[in-house]
Asker: 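Handing you a structure now.
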There are 2 protein chains.
Amino acid sequence: MKRTPTGAAVLQPEKTASITEAVLAELAEAGYGRLSMEAVARRAGVGKSALYRRWPGKAEMVTAALSELSVPAVPTPDTGTLRGDLGVLVEAMHAWLTHPLIARILPDVSSEAVRNADLAEALRRTVGDPRRDMARSVLERAAARGELALDVEMALDLVGAPLYWRLSVRHVPLTPGYLDALTDALVRAVSRP
Amino acid sequence: MKRTPTGAAVLQPEKTASITEAVLAELAEAGYGRLSMEAVARRAGVGKSALYRRWPGKAEMVTAALSELSVPAVPTPDTGTLRGDLGVLVEAMHAWLTHPLIARILPDVSSEAVRNADLAEALRRTVGDPRRDMARSVLERAAARGELALDVEMALDLVGAPLYWRLSVRHVPLTPGYLDALTDALVRAVSRP
């Protein structure tokens, strides 16, 4: 049985915020594998019990911290055009992936998740799925207007993937005009001709 | 100074092949961080000197082994149509990413490369760049025929990224017809309307 947080009503938000900051700093320095609850507690200046009151374990603590930097970063634009909406999503994806902490933490945590099913599940539940759900709402409006040439799930794969591949996998900086040209290509890819 | 292989003319290809197999098995089991030259030599039934005669160190040995599974896996189709050529590239990318060893090793080694500049450079030189060069030849023919609406580098990002994102990052299996529909979307994305 996992321990579940209790007494949520009395948790202090400022303490949660400083623990989150400590988790992200430890992740960036040590990586997921070497991160310990002790080191996070020490860096945040709290006892380990303050961590276990909030999260049942390391995977949930780490993905909750990543979620703070990741889920609010997805906008749900409604500019009136698919080109406008996709442009906003592309810019936001770029800003997220080039955030110094995300750029350092995400590949490491994603790789760890390959060998750690609990972490993979927590990452999917608290970061991947909520981000995708928010972007999905944009594509679903386009689908409802009859503008999509493919299903929404494939459209989401196409929108998220190229910047991740280039920035987080290949580590190649963008050339000038890249985001605009990518947005144009995505509009062609997902739209009915 | 790095040690460089000497006496390449007398290296036995069968021994190289069994070392490569041992490297890939160790990578899949232990991951890059815990892989040791000793363990590879033991598994291959050779002395450590047999490794150092072939590669200056761990990064070069690992990326050479990965290269064997990765570079010949990229076809250079010339079917006469962009749709045909992209379809072949997409099928080959799918086969590569779902290869049991690649699926296990690639995210781990890629993540390690974030913290290890020598490994990142070796991975780029022996796996990433040669694979991309081969795919580039296909896109350059389309560009020469005046068919591309965007530059070849962005076209390469678009072709490689969605399957990597879905299979190696999100770990979501493909739905039926996915590869065909993706190929259609890529044709729209890269082609002049």
Asker: Please determine whether residues A:V88 and A:V90 belong to a single hydrophobic cluster, defined as Ile, Leu, Val, Met, Phe, Trp and Tyr linked transitively by side-chain heavy-atom distances below 4.5 Å.
Answerer: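 No; A:V90 is not reachable from A:V88 via cluster members.
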Asker: Counting only non-hydrogen atoms closer than 4.5 Å, does A:L163 touch chain B with its backbone (N, CA, C, O), its side chain (CB onward), both, or neither?
Answerer: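 A:L163 has no heavy atom closer than 4.5 Å to chain B.
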Asker: Do you know which of B:R166, B:M154, B:H171 has the most heavy-atom pairs with chain A at a distance under 4.5 angstrom?
Answerer: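 Most heavy-atom pairs within the cutoff with chain A belong to B:M154.
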Asker: In this structure, are over 12 heavy atoms from other groups packed under 6.0 Å from A:R34 atom CZ?
Answerer: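 No.
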Asker: For B:A189 versus A:R188, what's the shortest heavy-atom pair and its separation?
Answerer: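 For B:A189 and A:R188, the tightest heavy-atom pair comes out as O-NH2, 2.8 Å.
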Asker: Which atoms of B:T175 come close to chain A, meaning under 4.5 Å heavy atom to heavy atom: side chain ones, backbone ones, both, or neither?
Answerer: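 Contact with chain A: none, neither part.
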Asker: Are there over 12 heavy-atom neighbours, none belonging to A:E21, within less than 6.0 Å of that residue's CD?
Answerer: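 No - once you tally the heavy atoms of other residues, nucleotides and ligands closer than 6.0 Å, there are 12 at most.
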Asker: Indicate the atoms forming the closest heavy-atom contact of A:W165 with B:L156, along with that distance.
Answerer: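 Heavy atoms of A:W165 and B:L156 come nearest at NE1-O, 4.4 Å.
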Asker: Which bit of A:S168 is near chain B, if near means a heavy-atom gap under 4.5 Å: side chain, backbone, both or neither?
Answerer: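 For A:S168, neither part sits under 4.5 Å from chain B.
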Asker: Rounded to the nearest 0.5 Å, how far apart are CD of B:E153 and CG of A:L174?
Answerer: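 So the gap between those two atoms works out to 12.5 Å.
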Asker: For a 4.5 angstrom cut-off between non-hydrogen side-chain atoms, does B:L150 reach A:L182?
Answerer: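 In short, these two side chains do not touch, never coming nearer than 4.5 Å.
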Asker: Where do B:R170 and A:R132 land on the side chain to side chain contact (heavy atoms under 4.5 Å, CB included) test, with the steps shown first?
Answerer: CA-CA 11 Å; B:R170 299 182 58 235; A:R132 195 167 169 101; 3.2 Å; yes
